[in-house]
Protein chains: 4
Amino acid sequence: MINFHVDRSSSVPAYAQLVRQVREALRIGTLRPGDQLPTVRSVVTSCTVNPTTVLKAYRELELSGLVEARQGAGTFVTGTLGGADPHVMARLRGSLARWLDQAREAGLEDEDVQALLASVIGENPTRRTAPPAPGVGHGKEGAA
Amino acid sequence: MINFHVDRSSSVPAYAQLVRQVREALRIGTLRPGDQLPTVRSVVTSCTVNPTTVLKAYRELELSGLVEARQGAGTFVTGTLGGADPHVMARLRGSLARWLDQAREAGLEDEDVQALLASVIGENPTRRTAPPAPGVGHGKEGAA
Amino acid sequence: MINFHVDRSSSVPAYAQLVRQVREALRIGTLRPGDQLPTVRSVVTSCTVNPTTVLKAYRELELSGLVEARQGAGTFVTGTLGGADPHVMARLRGSLARWLDQAREAGLEDEDVQALLASVIGENPTRRTAPPAPGVGHGKEGAA
Amino acid sequence: MINFHVDRSSSVPAYAQLVRQVREALRIGTLRPGDQLPTVRSVVTSCTVNPTTVLKAYRELELSGLVEARQGAGTFVTGTLGGADPHVMARLRGSLARWLDQAREAGLEDEDVQALLASVIGENPTRRTAPPAPGVGHGKEGAA
DNA sequence: GTGGTCTAGACCACA
DNA sequence: GTGGTCTAGACCACG
């Protein structure tokens, strides 16, 4: 079961943080179709946000076809994202973790690391995602 | 000279996107003390935002001591962030770029990559940066 | 400019009624890309609903790519639906209107007429739309 | 015997969908006084809803005098709606079906057709049915 | 003035 | 108890 957390001091709206966390979990495989999301009420207590904020996040996920809310039962994952091979994912994750260790030994903070990745991604972009493309998908969450 | 771009469909406020881009540029070294930021007017035309939006971003940067507005001359970088050794930075950047190539060859999209980094960072966090202790793995929401 | 109205006694949620009216207007061509939707505040006064209700409707339309909200400017149509030839549409509309006249002369009420259409549509369905198919699209609004 | 179906993704409550389907069947004549409604148990299995949901629908129909529950026997139709001449009804149904064929040949989807009817009804409304006076053309939200 | 987020709380639909 | 809708009102971001 995914464990949400919201950073109230962030300029990213709370509901968008929740949406993002679900999407990330779907991408890295920690959330799979059939899994249940935390109940609205549990998120309310664990993150001290308002029920409507959670509802808004869940609703947005539902409209994008990633989850399904069942009255009286809960909210469940129905879609997938990324869909890369888990083994490959794990290998890449390992090598990235080693790189992170080096970066941290060199004194880089998390924000440095994120900036670096954003920069490297932006340098030779792959037109597989949709950076400035305003299509049908979401395009919410963050711009660097 | 840094080249701003704002994503209007992002949930991150336009002014915060500008702030963030300056901070990232400072972190990765593409912006250094003495460098000039684009004039408000040029940002207005290039990003089609309102002058007050740009002013708000610059004011916020000035308040955090990173830039300085000189009447009639423009806005100039006066502070630094991260301050890692440029050579080390370049080396890390190189290895990260190679990792990115692998990831992309494996079919990962940009969003996958970002999710992966967020997850790895969250797994063994360094308490040098931000506030919250991630459960599943994120700690990447943006700072304004 | 589309003119909303909400039936408070309907079991269809107010926000869904608004969404539906926009979608219908897009289908019959009374709303086209570039057109502005009524401001949230004007809908609030004309339909005596809460701002958040209107926002919710507009947000849903935005997520489905049909409209775009521009801060400080308003909400504008950006997508289309149906896209049938306006002339053909007008001709069909005419013949349907004549049929309606007959039906009413025969004593049918509006609810009869709607039930009849629902029945005829259900009898020989076209698999162009998505009646019980839960795909990516909305699927909200009503079931007969 | 009427064959219920509920669309769980609809914003119309499940019980209201059942009520509506009975009312429509009464209007178009597929359900007549004396006919039996499906047992609660059968609806539960065929639509995978909760017994209380079906009971709520049947109770509402009973309160409006359309059906009558006979202990141990089932629920039976006792009232009528619309009451138009069946022959006229059949004729109108036929001409509507022909119109539908034309519309579909012209490429209209079901949602287009529904929007068109709503628009035509709203244009010159008969004040025999519901409450509000449409501006653009709808008057079709459903009543439970 | 325009859209957008969040809160607090009431009430409904469903299992 | 679970999700869902609506209200009332405060405050923010933008033009």
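Below, chain A is the first sequence line, B the second, and so on; all start at residue 1. Just so it is clear, the model here is predicted, and its values are computed rather than measured. Computed from heavy atoms alone, side chains included, the values below leave out hydrogens, waters and symmetry copies.
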Legend entry - Partners meeting side-chain contact (heavy atoms from CB on, under 4.5 Å) with A:Val40 (sequence neighbours left out): A:Val44, A:Pro51, A:Val54, A:Leu55, A:Tyr58

Inset, instruction - Identify, with sequence neighbours excluded, every residue that meets side-chain hydrogen bond (donor to acceptor under 3.5 Å, both in side chains) alongside B:Thr52. - result: B:Asn50

Legend entry - C:Asp35: side-chain contact (heavy atoms from CB on, under 4.5 Å) partners, not counting sequence neighbours: C:Leu31, C:Arg32, C:Val77

Inset, instruction - Quick one: list whatever passes side-chain hydrogen bond (donor to acceptor under 3.5 Å, both in side chains) with D:Ser46, sequence neighbours left out. - result: none

Legend entry - With A:Thr80 via side-chain hydrogen bond (donor to acceptor under 3.5 Å, both in side chains) - residues at least two apart: none

Legend entry - Length of the CZ-P vector between C:Arg59 and E:dC6, whole Å: 10 Å

Inset, instruction - Could you state the atom-to-atom distance from CG of C:Leu63 to C1' of E:dT5 in whole Å? - result: 14 Å

Legend entry - Integer-rounded Å distance: E:dG3 P and C:Leu18 CG: 13 Å

Inset, instruction - Indicate for each nucleotide in nucleotides 10-15 of chain F, in 5' to 3' sequence, whether protein heavy atoms under 4.0 Å reach the base (B), only the sugar-phosphate (S), or nothing (-). - result: ---BBB

Legend entry - For atom CG of D:Asp7 and atom C1' of E:dA13, their distance in whole Å: 15 Å

Legend entry - Whole-Å gap separating P (F:dG3) and CD (A:Glu62): 11 Å

Legend entry - Ion pair C:Lys56/C:Glu60, N-O distance below 4.0 Å: no

Inset, instruction - List in chain and number order the residues that pass salt bridge (Lys or Arg N to Asp or Glu O under 4.0 Å) with B:Arg70, two or more places apart in sequence or in another chain; answer none if no residue qualifies. - result: B:Glu68

Legend entry - Interatomic distance, C:Leu55 CG vs E:dG3 P [rounded to whole Å]: 8 Å

Legend entry - Dot-bracket encoding per residue of DNA chain E, Watson-Crick/G-U cut-off under 3.5 Å, | denoting interstrand: ||||||||||||||.

Inset, instruction - Find the distance C:Leu61:CG to E:dG4:C1' and express it as a whole number of Å. - result: 16 Å

Legend entry - Set of residues satisfying side-chain hydrogen bond (donor to acceptor under 3.5 Å, both in side chains) with respect to C:Thr78, sequence neighbours excluded: none

